[in-house]
2 protein chains.
Amino acid sequence: MSNRITLKQIAKELNLSVSTVSKSLRNSREISTDTKNLVQAFAKFYNYKPNSIALNLRNRKSKTIGVIIPEITHYFFSNVIAGIDSEANKKGYRVVVSLSNESFDTEVVNIETLANGSVDGFILSVAKETLLNKDYHHFKETINQGMPIVMFDRITNEVACDKVIIDDKEGAKKAVNKLLNTGCKKIALVTTEDYVTVGSLRTKGYIEALEESNIAYDPNLVIKIQDQGLNKDEEITLLGQSIVKLLHQHRDIDAFFAVNELSAITVMKVVLDLGYKVPEDISIIAFTDGVLSKYSIPALTTVSQHAFEMGVASAKLLIDKIEEITNSEFHITQTMDATLIERQTTK
Amino acid sequence: MSNRITLKQIAKELNLSVSTVSKSLRNSREISTDTKNLVQAFAKFYNYKPNSIALNLRNRKSKTIGVIIPEITHYFFSNVIAGIDSEANKKGYRVVVSLSNESFDTEVVNIETLANGSVDGFILSVAKETLLNKDYHHFKETINQGMPIVMFDRITNEVACDKVIIDDKEGAKKAVNKLLNTGCKKIALVTTEDYVTVGSLRTKGYIEALEESNIAYDPNLVIKIQDQGLNKDEEITLLGQSIVKLLHQHRDIDAFFAVNELSAITVMKVVLDLGYKVPEDISIIAFTDGVLSKYSIPALTTVSQHAFEMGVASAKLLIDKIEEITNSEFHITQTMDATLIERQTTK
DNA sequence: TATCAACACGAAAACGTGATAGTGACCATC
DNA sequence: GATGGTCACTATCACGTTTTCGTGTTGATA
């Protein structure tokens, strides 16, 4: 349907060969100035642009990065994409996005659909189902076929590739230490099931920070978010109930650390409903980077994941691999600092 | 770098011609069963997948949709993308995303970069700067070159193409009527500059709803959000000041209608700070679909934009045009209903 | 005047695929 | 035994580029 002009058409129109036209446009000195001027003027007039698909085929690369993420309606992920997009554009790459919706099958299909030459490499964050299944063959095959992959945030150590993570454990420690330093004595934790790597690392940080302050780790103060096929609203309702129950059993809880934003907001909602004052009675810190924390009332103190920067870093790593600036045999794991952003839910 | 196997390599390996291999894989009955089985087994073993770039070149289409949006870290837009992605995948299309960051130049560059055969059509929401400049030549040229465009949400009537919008005026009226029906008498409006079409339509709805209830429209109750190159935080601070000022001048304001989420949240923050009770003293309704509204405390009553559905509808329209199911000469504007979601900031 | 270089351009191949149009070999029919 | 048809496969082209290798013409040099 597209009626864009091609080299062939220009050649025919000007009674020249395709090669001459091509060389003229690339300003080859094999071609006389007169001819070059003529061709260039003609091309400009008809708004000639080389067909990128033909170029891709010829150069055997697509100048495109495939991004596969669990969900896009999530500030963290969309912010990572913004970072990838920014860096990719700088280097002349395009970004194609596809969503796994946390599903293993979708992830497999997506990666296979894009691995047929459509993209030069992948940046991805592993779907929950995949982490649960521990089936990473699709990643391994892709890598075996010479296509580089960079994983960010939700990674697996079973696949040899470049990775970008934040220092989840250290970030969690920063959060817990902040709570301890502001006088909190009994800190509850809201976390995910262990198979989500980031969740378990943050849990580890929580435990370590407590131990370093000689506070015994009490498993009873931990709520693990169930996700057996519930939708988000149901999950939240369930979590809310768990929080109420926990607060009834342990009336001296004076702080919550939540490994993600929505949990923290849920904590805050419940806590405020029950008549506690935040942060006077109960402090809250979330692990996240989202808008909810920034604009909630009161605004949440958080551990920032630097999503945009993660995107930039991932894109840099991938492009270096694609352009063979870095050796494809060696893989690096880049750890980014998690920084504490103090807002209104801590003293 | 990619070492994916090609038809040629299979042919060489099996001492067959490329055509035979190709036909075998496509199960042509010109080829003997033995040969077909052999080739298919070989191809499967080496995980042959046709190179999509070659196919794109041959078929002169990319099976790819280009999406250009002002920003992705915005629940509305990322939700639209999720809708587009969902529908596109169903129909065998891929989605490449690029961001204009509200900049005219970036929008132009992005559309030109993708219009060289990389995509079969565009789904886009116009950048603010473009709306301000009123320079739509890049869209018109793209359409002239036979590439279909579907605009959603932020559209312009100066470009002839399919469009998907929500009924902004009607949505605004629903919101204002809800406020009136719950006893509000003096409703303030927080809106954008008029060049943002959706903003001005919502303003119109606000005015109409008032007039239909025989309430005089008072321009003094309207705050227009300035955006002369300020960053978001500065914008919000400024807006906050305007709200405080307005409330001082008009102490009997009992409701706010805000045309976007962040403004509404800002209103709520200021109002709560000043000691008003929401919704007892002041009701608030926002025009949006975001997480902030859903999870804010109290949760905001909103007019939903049905972002996901807009994405789906846009993708359907575009694919129909690409596949020439609908005539490229005729353009339809699809209006989606805006529905009121009652939460806790209205009585 | 034969030789050679510079000049200005064209032909052809390649990237990977799939469709159209051959091409031999074999068998059956009249 | 010439004709025709089926079978199983191959050659070629086209998609739009860029690049390598020609090639014919001109003018200068020995």
Side-chain angles (χ1 to χ4, degrees), chain A residues 1-40 42-43 46-64 115-120 145-147, chain B residues 1-40 42-43 46-64 113 115-120 145-146:
Chain A
M1 180 69 282
S2 168
N3 43 21
R4 246 169 202 286
I5 199 165
T6 66
L7 286 185
K8 196 193 273 190
Q9 288 166 34
I10 297 180
K12 193 175 169 192
E13 215 64 38
L14 298 179
N15 266 318
L16 290 168
S17 75
V18 173
S19 355
T20 306
V21 175
S22 172
K23 284 173 185 165
S24 300
L25 293 175
R26 325 201 89 243
N27 242 318
S28 158
R29 86 188 82 81
E30 287 180 49
I31 308 295
S32 71
T33 318
D34 284 356
T35 309
K36 279 198 279 196
N37 287 341
L38 174 68
V39 173
Q40 285 172 8
F42 192 90
Y46 283 100
N47 193 26
Y48 170 79
K49 295 274 168 54
N51 179 305
S52 59
I53 293 196
L55 285 177
N56 290 344
L57 180 61
R58 177 166 218 288
N59 302 329
R60 257 164 301 160
K61 60 187 180 193
S62 62
K63 281 275 189 178
T64 302
N116 306 317
S118 301
V119 302
D120 295 338
Q145 279 162 1
M147 190 153 293
Chain B
M1 180 69 283
S2 167
N3 44 20
R4 244 170 202 285
I5 198 165
T6 66
L7 286 185
K8 194 193 276 190
Q9 289 167 36
I10 298 180
K12 193 175 171 192
E13 214 63 38
L14 297 179
N15 265 317
L16 290 168
S17 76
V18 172
S19 343
T20 307
V21 175
S22 171
K23 283 177 182 162
S24 299
L25 293 174
R26 323 201 91 242
N27 242 319
S28 159
R29 86 189 83 83
E30 288 180 48
I31 308 295
S32 71
T33 317
D34 284 358
T35 309
K36 279 198 279 195
N37 286 340
L38 174 68
V39 172
Q40 285 172 9
F42 192 92
Y46 283 101
N47 193 24
Y48 170 80
K49 294 275 168 55
N51 179 305
S52 59
I53 293 194
L55 284 178
N56 291 345
L57 180 60
R58 180 170 213 285
N59 302 328
R60 257 165 301 162
K61 62 185 178 195
S62 62
K63 281 274 188 178
T64 302
T113 321
N116 306 318
S118 301
V119 302
D120 295 338
Q145 279 162 1

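Chain letters run A, B, ... following the sequence lines, proteins first, then strands; residues in each count from 1.
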Item to check | Pairs touching residues 15-33 of chain A that satisfy salt bridge (charged side-chain N to carboxylate O under 4.0 Å, His left out), sequence neighbours left out | outcome: A:Lys23-A:Glu30

Checklist outcome for this item: In this structure, CZ of A:Arg60 is separated from OG1 of B:Thr6 (nearest 0.5 Å) by 10.0 Å

Next on the checklist: Taking any heavy-atom pair under 4.0 Å as a contact, classify B:Leu7: base, sugar-phosphate, or nothing.
Outcome noted: sugar-phosphate

Item to check | Protein-nucleotide distance (A:Lys61, atom NZ; D:dT17, atom P), rounded to Å | outcome: 17 Å

Item to check | Interatomic distance, A:Lys63 NZ vs D:dT17 P [rounded to whole Å] | outcome: 18 Å

Item to check | Residues from residues 30-38 of chain A lying under 4.0 Å of DNA chain C - heavy atoms | outcome: A:Glu30, A:Ile31, A:Ser32, A:Thr35

Checklist entry - How would you give the extent of chain B contacts on DNA chain C, as first and last nucleotide 5' to 3' within a 4.0 Å heavy-atom cut-off? => result C:dC15 to C:dA21

Checklist outcome for this item: Sorted by chain and number, sequence neighbours left out, side chain to side chain donor-acceptor pair (under 3.5 Å) with A:Ser52 holds for B:Ser118

Checklist entry - Under the side chain to side chain donor-acceptor pair (under 3.5 Å) test, which residues partner B:Ser62, sequence neighbours left out? => result B:Asp120

Item to check | All side-chain contact (heavy atoms from CB on, under 4.5 Å) counterparts of B:Asn27, not counting sequence neighbours | outcome: B:Lys36, B:Gln40

Checklist entry - B:Leu25 versus B:Val39: any side-chain heavy-atom pair under 4.5 Å? => result yes

Distance-only donor-acceptor pairs under 3.5 Å for side chains of residues 7-19 of chain B, two or more places apart:
| residue | atom | partner | partner atom | Å |
| --- | --- | --- | --- | --- |
| B:Ser17 | OG | B:Ser19 | N | 3.4 |
| B:Ser17 | OG | B:Thr20 | N | 3.2 |
| B:Ser17 | OG | B:Thr20 | OG1 | 2.9 |

Enumerate all atom pairs, one protein N or O and one N or O from nucleotides 11-15 of chain D, separated by less than 3.5 Å.
| residue | atom | partner | partner atom | Å |
| --- | --- | --- | --- | --- |
| D:dA11 | N7 | B:Ser19 | OG | 3.0 |
| D:dA11 | N6 | B:Ser19 | OG | 3.3 |
| D:dC15 | OP2 | A:Lys8 | NZ | 2.7 |
| D:dC15 | O2 | B:Arg58 | N | 3.4 |

Next on the checklist: Applying side chain to side chain donor-acceptor pair (under 3.5 Å), can you list everything that pairs with A:Ser32, at least two apart in sequence or on another chain?
Outcome noted: A:Thr35

Checklist entry - How far does CG of A:Asn116 sit from CD of A:Gln145, to the nearest 0.5 angstrom? => result 8.5 Å

Checklist entry - Please give, in whole Å, the distance from D:dT18 P to A:Leu25 CG? => result 8 Å

Next on the checklist: Rounded to the nearest 0.5 Å, what separates atom CG in B:Leu57 from atom CG in B:Asn51?
Outcome noted: 10.0 Å

Item to check | d(CG, A:Asn56; P, D:dT17) in whole Å | outcome: 12 Å

Item to check | Residue list, ring-ring contact (aromatic ring centres under 6.0 Å, His included) with A:Phe42, at least two apart or on another chain | outcome: A:Tyr46

Checklist outcome for this item: Rounded to 10°, the helix from C:dT1-D:dA30 to C:dC30-D:dG1 deviates from straight, judged by its five-pair end axes, by 90°

Checklist entry - In chain order, what residues pass the side chain to side chain donor-acceptor pair (under 3.5 Å) check against B:Asn56, with sequence neighbours excluded? => result none

Checklist entry - Contact class for B:Ile53 vs. all strands (heavy atom < 4.0 Å): base, sugar-phosphate, or nothing? => result nothing

Item to check | Residues, nucleotides or ligands: over 12 heavy atoms within 6.0 Å of B:Lys49 NZ | outcome: yes

Checklist outcome for this item: From CZ of A:Arg29 across to P of D:dT19 the rounded distance in Å is 13 Å

